[in-house]
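The block underneath contains the structure these notes are about, expressed in structure tokens.
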Amino acid sequence: MHLKIAILAGDGIGPEVTNEAVNVLTTVANARGHVFEYIPLLIGGVAITAYGTPLPPETLEKTLRCDAALLGAVGDNKFNHLPPSERPEAGLLRIRAALGGFANLRPAVAYKALADNSPLRPEITDGADILFVRELLGGLYFGEPRAWHKSTDRAHNTMVYTRAEVERVARIAFDLASRREKKKITSVDKANVLECSQLWRAVVTDVSRDYPTVTLEHQLVDSMAIHLMTRPRDFDVVLTENLFGDILSDESGVITGSLGMLPSATLGGKVNLYEPVHGSAPDIAGTGKANPIGAILTAAMVLRHSAGMEAEAKLIEDAVDEALNEGNRTTDIARGNVAGQTTLATTQMGELILGKVEARLSAA
Ligand SMILES: NC(=O)C1=CN([C@@H]2O[C@H](COP(=O)(O)OP(=O)(O)OC[C@H]3O[C@@H](n4cnc5c(N)ncnc54)[C@H](O)[C@@H]3O)[C@@H](O)[C@H]2O)C=CC1
Ligand SMILES: CC(C)CC(=O)C(=O)O
Ligand SMILES: [Mg+2]
């Protein structure tokens with residue numbers, strides 16, 4: 001197999017964690033006789049610095065000719081003064097829209113090894129295994145009109161959804177739920193206040209009629225934020241719109257142990273886009289404190305969803321599990337005074353997991 005992968009490392013810790021993910025992908029490709037061709041491209045703040053735009057045309061054109069795109073993160077405080085349309089984040093929103101993927105899968109699982117590192121008690125998180133399905137191309141992030149009228153000190157954004165937009169992401173969520181053990185969907189909205197959410201709830205309910213084996217429940221987003229922290233094991237697939245999904249999936253980092261542990265895959269478009277859930281973390285960029293596990297698990301999702309390599313994807317996930325079980329930690333998951341733990345820098349954690357992936361590849 002020859003797989004062409006656009007590498008959009010971006011800003012801050014983006015390149016640091018992406019490097020570790022690419023090393024893992026290369027090891028898997030070499031061991032299995034495949035060729036993974038990487039096309040490094042600029043996006044975000046580094047693209048503004050080089051070309052004056054967060055999404056240079058070359059980046060988009062070349063990414064559209066790839067089989068998959070792996071993104072690190074975008075965002076740099078030095079561009080905070082710019083309007084949203086010119087900031088690094090606009091490059092990410094534009095490429096998401098152009099690639100067309102609308103179903104953003106964000107798994108959040110509680111790792112047994114990290115039970116003592118989570119701020120939540122182990123009996124709350126033990127066994128939690130949630131798959132967020134976040135609608136990625138609609139809602140407030142893309143709705144028009146939008147503006148900040150400085151002369152009148154007034155600003156507005158538009159939340160808009162169509163039946164078709166809700167239906168297509170709901171079908172993906174129900175398909176995924178029907179293949180999981182619990183077969184349950186929690187659809188999250190704000191239907192007590194927002195018309196968009198009333199449409200969302202109606203469409204999701206309509207779609208559910210085609211999936212009799214899947215149980216559907218609805219939750220309002222404000223109380224869902226607390227249910228996720230107090231009873232995460234009650235949830236299976238959580239389906240929600242763009243902004244709510246952005247917020248709740250970051251929150252689920254608490255269940256897993258850290259935001260730096262969370263991977264994602266965006267499906268349904270011309271080219272699947274893979275990115276860890278976290279941002280560019282300017283507070284730790286360049287310090288070796290970035291956790292590469294979210295990016296490495298994202299590489300596993302590339303294999304699963306763009307290369308048909310389920311066994312190898314699982315093998316990477318098992319290697320991560322083993323690294324954690326042995327007490328290896330990056331700074332973000334080294335909370336508390338727990339005996340038997342070793343704190344590693346980004347590259348050390350990457351190399352350790354890589355070694356475990358290599359060992360598993362040659363054993364399999
Ligand atoms: N997909 C993307 O490219 C995203 C970009 N951003 C951008 O990132 C910049 C920073 O945003 P923040 O709100 O600070 O969110 P963030 O996700 O970058 O960081 C939040 C906190 O989590 C920590 N953290 C994040 N990833 C980590 C990792 N892999 N290992 C260890 N610790 C990690 C950070 O050090 C920070 O304390 C902003 O410019 C924002 O717009 C934010 C979210 C997503
Ligand atoms: C455009 C991004 C910065 C939004 C975000 O935080 C995310 O998609 O997770
Ligand atoms: Mg986010």
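Model, not experiment: these values are computed from the prediction. Atoms within each ligand, like the ligands themselves, are counted from 1 in listed order. Hydrogens, waters and symmetry mates play no part in the numbers below; they use all other heavy atoms, side chains included.
- Taking 2.8 Å as the threshold, D246 counts as a candidate ligand of the Mg ion (ligand 3), since one of its N, O or S atoms lies below it.
- The aromatic rings of H227 and F235 sit tilted relative to each other, their planes meeting at an angle between 30° and 60°.
- Within the 4.0 Å heavy-atom shell around ligand 2 one finds R106.
- Below 3.5 Å of separation, one finds no N or O of D250 facing any N or O of ligand 1.
- No N or O atom of P282 sits closer than 3.5 Å to an N or O atom of ligand 1.
- We find that E275 and R96 are joined by a salt bridge, their nearest charged nitrogen and carboxylate oxygen being less than 4.0 Å apart.
- Proximity of G294 to ligand 1 is not established, as no heavy-atom distance is less than 4.0 Å.
- Atom 3 (C) of ligand 2 has E89 CG, 3.8 Å as its closest protein atom, hydrogens excluded (heavy atom only).
- Ion pairing of R180 with D129 is present here, as a side-chain N (NZ or NE/NH1/NH2) and a carboxylate O approach within less than 4.0 Å.
- For atom 39 (O) of ligand 1, the nearest non-hydrogen atom of the protein is E89 OE2, 2.9 Å.
- Using a 4.5 Å cut-off on side-chain heavy atoms (C-beta onward), S280 and V74 make no contact.
- Compare L8, V17, L262, I13 by their heavy atoms: the one nearest to atom 27 (C) of ligand 1 is in I13.
- The residue from R87, R94, R96 that puts a heavy atom closest to atom 8 (O) of ligand 2 is R96.
- Distance check for atom 12 (P) of ligand 1: every protein heavy atom is found at 4.0 Å or beyond.
- For K183 and D236, the salt-bridge test fails: no basic side-chain N is under 4.0 Å from an acidic carboxylate O.
- Scanning all protein heavy atoms for the shortest distance to atom 4 (C) of ligand 2 gives D246 OD2, 3.6 Å.
- Other residues, nucleotides and ligands contribute at most 12 non-hydrogen atoms within 6.0 Å of the CD atom of E181.
- Aromatic ring orientation, F36 versus Y38: perpendicular (interplanar angle above 60°, classes split at 30° and 60°).
- In this structure, of I293, I284, N291, L259, the residue bringing a heavy atom nearest to atom 33 (C) of ligand 1 is I284.
- For K314 and D318, the salt-bridge test passes: some basic side-chain N is under 4.0 Å from an acidic carboxylate O.
- Each of T342, L354, N328 was checked for a side-chain contact (heavy atoms from CB on, under 4.5 Å) with M349, and the lone residue meeting it is N328.
- At a heavy-atom distance under 4.0 Å, only side-chain atoms of R134, from C-beta outward, approach ligand 2.
- Considering backbone and side-chain N/O of D283, one or more are found under 3.5 Å from N/O of ligand 1.
- Remark: minimum distance from atom 2 (C) of ligand 1 to any protein heavy atom is reached at L92 CD2, 3.6 Å.
- Scanning all protein heavy atoms for the shortest distance to atom 24 (N) of ligand 1 gives A281 CB, 4.1 Å.
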Given the rule in the side chain to side chain donor-acceptor pair (under 3.5 Å) test, do H218 and T205 qualify, once you have shown the distances and angles that lead to the verdict?
-> CA-CA 9 Å; H218 301 279; T205 305; 3.2 Å; yes
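- Interface of A290 with ligand 1, defined as ligand atoms under 4.0 Å from a residue heavy atom, comprises 30 (N).
- Proximity of a side-chain donor or acceptor of S118 to a complementary backbone N or O of A115 within less than 3.5 Å is not detected.
- Applying the 4.0 Å criterion to heavy atoms of L93 picks out, from ligand 2, the atoms 1 (C).
- For the pair P276 and ligand 1, the shortest N or O to N or O distance does not fall below 3.5 Å.
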Note to self: Let's go through D67 and S306 carefully: what are the C-alpha distance in whole Å and the side-chain angles of both, what is the deciding distance for side chain to side chain donor-acceptor pair (under 3.5 Å) to 0.1 Å, and is it a yes or a no?
What the structure shows: CA-CA 7 Å; D67 302 303; S306 285; over 6 Å; no
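- Protein heavy atom in closest approach to atom 9 (C) of ligand 1: S280 OG, 3.2 Å.
- Remark: atom 18 (O) of ligand 1 lies closer than 4.0 Å to at least one protein heavy atom.
- Atom 2 (C) of ligand 2 has its closest protein heavy atom at L92 CD2, 4.1 Å.
- Here the options are R201, R163, R171, the test is salt bridge (Lys or Arg N to Asp or Glu O under 4.0 Å), and the partner is D206; only R163 passes.
- Scanning all protein heavy atoms for the shortest distance to atom 5 (C) of ligand 1 gives V74 O, 3.0 Å.
- Within a 6.0 Å radius of NZ in K190, other residues, nucleotides and ligands contribute more than 12 heavy atoms.
- Regarding atom 42 (C) of ligand 1, its nearest protein heavy-atom neighbour is G279 CA, 3.5 Å.
- For atom 25 (C) of ligand 1, the closest heavy atom belonging to the protein is H278 CB, 3.7 Å.
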